[in-house]
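Notes follow the structure.
Note that the structure is predicted; figures quoted are calculated from it, not measured.
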Amino acid sequence: MNCEWRGRTLYITWLPVASMGRLAACAPHTAQEQEVLAALLAGARVCMGREALEYRRYRRSAPMGIYQKCAGLERRLREMGICVTRTGYR
């Protein structure tokens with residue numbers, strides 16, 4: 001997982017499936033995951049582009065069930081307050 005602060009906003013630039021699951025479960029394992037949850041709890045804005053989500057790269061090859069499970073995790077992240085946009089932040 002990669003993230004960086006730009007002003008008052010934390011941008012997630014790469015989110016692997018494992019990290020996505022731990023964030024959705026509020027069970028951070030790495031320092032970056034803890035930073036994201038701390039930012040959300042503090043009321044900071046957390047954003048990421050769709051291309052930062054690893055699971056989207058496997059849209060054509062992944063079985064439908066696992067892809068839908070990952071889409072559900074993305075939905076939970078949105079409900080937690082993470083803004084997922086169509087374009088990245090470069």
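Residues Leu23 and Arg76 form no side-chain contact, since every pair of their non-hydrogen atoms from C-beta on lies 4.5 Å or further apart. Side-chain atoms of Met80 and Leu37, non-hydrogen and from C-beta on, do get closer than 4.5 Å to each other. Between Arg45 and Arg8, every side-chain heavy-atom pair lies at or beyond the 4.5 Å cut-off. With a 4.5 Å cut-off on side-chain heavy atoms, Val36 and Ile82 count as touching.
Salt-bridge check for Glu74 with Arg78: passed, with a basic side-chain N closer than 4.0 Å to an acidic carboxylate O. A salt bridge links Glu4 with Arg6; the closest basic N to acidic carboxylate O contact falls under 4.0 Å.
Sorted by first and then second residue, the pairs that involve residues 43-78 and meet ring-ring contact (aromatic ring centres under 6.0 Å, His included), not counting sequence neighbours, are Tyr55-Tyr67.
When all heavy atoms of Arg86 and Glu51 are compared, the pair lying nearest together is O-OE1, 4.1 Å. Here the shortest heavy-atom pairing between Leu10 and Cys3 reads CD1-CB, 4.0 Å. The minimum heavy-atom distance linking Pro16 with Glu54 is given by the pair CA-OE1, 3.3 Å. Here the closest heavy-atom approach between residue Ile12 and residue Met48 is recorded as O-CB, 3.2 Å. In terms of heavy atoms, Cys47 sits closest to Thr9 at SG-CG2, 4.0 Å.
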message = Test side chain to side chain contact (heavy atoms under 4.5 Å, CB included) on Leu77 and Val84; report intermediate values, then the result.
response = CA-CA 9 Å; Leu77 293 177; Val84 181; 5.7 Å; no
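If you take CG on Leu15 and CE on Met1, they are separated by 5.5 Å, rounding to the nearest 0.5 Å.
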Return all side-chain donor-acceptor pairs below 3.5 angstrom for residues 25-32, not counting sequence neighbours, or 'none' if the list is empty.
unit_1: Thr30; atom_1: OG1; unit_2: Glu33; atom_2: N; d: 3.2

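Taken together through direct or relayed side-chain contacts under 4.5 Å among Ile, Leu, Val, Met, Phe, Trp and Tyr, Ile66 and Leu73 form parts of separate hydrophobic clusters.
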